[in-house]
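I have placed the structure first, in the form of structure tokens, so that the comments after it can refer back to it.
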Amino acid sequence: MSTRIPFLKGHGTENDFVIIPDPENTLDLPPETVAALCDRRAGIGGDGLLHVVRSASHPEAAHLASEAEWFMDYRNGDGSIAEMCGNGVRVFARYLQHAGHVTEGDLAVATRGGVKTVHIDKAGDVTVGMGRALLPAGDVTVSVGERDWPARNVNMGNPHAVAFVDDLAHAGDLYSPPPFSPAAAYPDGVNVEFVVERGPRHVAMRVHERGSGETRSCGTGACAVAAAAARRDGADPAVTGTPVTYTVDVPGGTLVITERADGEIEMTGPAVIVAEGEIDADWLENAVR
């Protein structure tokens with residue numbers, strides 16, 4: 001590692017991230033290093049870490065280099081690897097704009113969940129093409145304490161269990177992962193969304209993100225919630241032939257999710273860079289001993 005490592009801090013609807021620019025993939029970022037950086041008391045603090053790498057320089061993304069110059073090497077706050085992060089993609093795009101790598105308009109970002117199309121508009125919001133929702137068959141149940149609910153299994157490049165509840169307080173503190181069954185439905189764990197009605201095509205949610213605990217927002221989770229709500233409401237665009245848009249309130253703000261008739265889902269919301277600086281490599285080395 002160099003003596004000092006550049007970093008930035010950003011958030012999308014208060015889902016916050018440590019951003020590490022490393023275009024040529026020269027930094028070693030094992031799980032314990034990521035966890036130290038994301039520690040809210042002893043580190044910089046964040047729900048996750050965005051490792052910014054050119055696709056051609058990363059072994060997991062080199063095959064995507066012809067489609068997307070940049071790869072979002074996303075890590076959860078505990079250092080584990082995740083396939084996708086919707087809010088993270090928006091903040092990733094905002095960083096690329098901030099650094100002068102891209103301008104307003106369209107770009108492509110490689111992720112472990114595939115290449116995502118992104119549009120940075122003049123008003124400041126960022127729209128991400130999140131791909132199609134996959135809805136595996138089979139019953140799933142999630143529980144908190146003595147309560148349990150049926151949940152919709154939705155995959156947005158990462159796994160989600162969406163439960164519609166009467167009160168968001170029923171989700172409990174969400175410090176630990178809500179139990180689910182059957183275990184075979186999510187062999188690598190799951191993000192769990194608890195959802196209440198706010199009005200026509202308008203819902204609110206809380207989420208336990210796998211590897212991070214409760215977060216202020218989850219982009220893929222908001223997309224999963226909108227997809228599940230559309231099926232519940234009889235508004236599946238694949239059936240009706242009409243796009244459907246849901247407003248999804250999260251603790252950190254609001255996201256707008258549109259599912260088109262072809263199944264593609266678009267998410268629109270804010271993305272903000274709040275600070276930048278340098279990490280002392282000596283501190284980091286001592287932090288992970």
Side-chain angles (χ1 to χ4, degrees), residues 12-13 15 67 83-90 93 104-109 111 113-140 142 149-166 168 190-207 217-250 252-271:
T13 49
N15 194 189
E67 300 177 62
E83 302 91 339
M84 223 327 249
C85 176
N87 288 318
V89 173
R90 296 201 321 279
E104 293 172 357
D106 298 329
L107 69 144
V109 174
T111 76
V115 175
K116 305 302 176 184
T117 57
V118 181
H119 180 80
I120 303 172
D121 68 31
K122 292 181 179 179
D125 280 346
V126 179
T127 297
V128 180
M130 299 289 288
R132 290 174 169 81
L134 301 178
L135 294 97
D139 296 330
V140 175
V142 299
W149 302 268
R152 190 69 188 251
N153 187 350
V154 183
N155 193 293
M156 287 299 308
N158 56 356
H160 296 267
V162 179
F164 293 92
V165 300
D166 294 327
L168 289 179
V190 65
N191 306 287
V192 182
E193 288 79 27
F194 296 88
V195 189
V196 296
E197 296 296 327
R198 286 287 185 256
R201 304 287 191 265
H202 187 180
V203 297
M205 61 174 262
R206 290 176 62 199
V207 58
S217 180
C218 176
T220 56
C223 293
V225 164
R231 275 70 184 170
R232 182 202 59 173
D233 296 342
D236 181 352
V239 175
T240 67
T242 303
V244 62
T245 296
Y246 281 83
T247 298
V248 181
D249 294 337
V250 295
T254 297
L255 296 167
V256 177
I257 313 297
T258 296
E259 184 174 1
R260 304 195 315 238
D262 64 2
E264 289 292 322
I265 295 177
E266 296 178 339
M267 174 186 61
T268 299

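The model shown is predicted, which means the values in this text are computed figures rather than measured ones.
Side-chain contact between C85 and T220 is absent, with no heavy atoms from C-beta onward closer than 4.5 Å. Residues R198 and T247 have side chains not in contact (no heavy-atom distance under 4.5 Å, counting atoms from C-beta outward). The side-chain heavy atoms of T117 and D106, taken from C-beta on, include no pair separated by under 4.5 Å. Taking 4.5 Å as the limit, some side-chain heavy atom of E197 sits within range of a side-chain heavy atom of V203. In this structure, M205 and V250 have side chains that are in contact, with non-hydrogen atoms separated by less than 4.5 Å. Looking at D249 and H202, their side chains come closer than 4.5 Å, going by heavy atoms from C-beta outward. Inter-residue side-chain proximity for M84 and V89 is flagged as met; some heavy-atom pair is nearer than 4.5 Å. M267 is not listed as a side-chain neighbour of V248, based on a closest heavy-atom distance of 4.5 Å or more.
Each of V162, D236, V154 was compared with L135 under the side-chain contact (heavy atoms from CB on, under 4.5 Å) criterion, and only V154 meets it.
Smallest separation of non-hydrogen atoms from E266 and R260: OE2-NH1, 3.0 Å. Across all non-hydrogen atoms, the minimal contact from T240 to G234 is CG2-O, 3.9 Å. For the pair E83 and N158, the tightest heavy-atom approach, listed with the atom from each and the gap, is OE1-CB, 3.4 Å. When all heavy atoms of L134 and P136 are compared, the closest pair comes out as O-CD, 3.3 Å. Across R201 and A235, no two heavy atoms sit closer than the pair NH2-CB, 3.6 Å. Between T242 and P237, the shortest heavy-atom contact is O-CB, 3.4 Å.
Within 6.0 Å of CG in D262 there are more than 12 heavy atoms belonging to other residues, nucleotides or ligands. The environment of CG in D139 is sparse: at most 12 heavy-atom neighbours from other residues, nucleotides or ligands sit within 6.0 Å.
Between T13 atom OG1 and L255 atom CG the span is 4.5 Å, to the nearest 0.5 Å. The distance from the OG1 atom of T268 to the CZ atom of R90 is 8.5 Å, given to the nearest 0.5 Å. In this structure, M156 CE and C218 SG are separated by 10.0 Å, a value rounded to the nearest 0.5 Å.
Using a cut-off of 4.0 Å between Lys/Arg side-chain N and Asp/Glu carboxylate O, E264 and R132 are scored as salt-bridged.
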Using side chain to side chain contact (heavy atoms under 4.5 Å, CB included), reason through V225 and Y246 one step at a time and then give a plain yes or no. CA-CA 9 Å; V225 164; Y246 281 83; over 6 Å; no

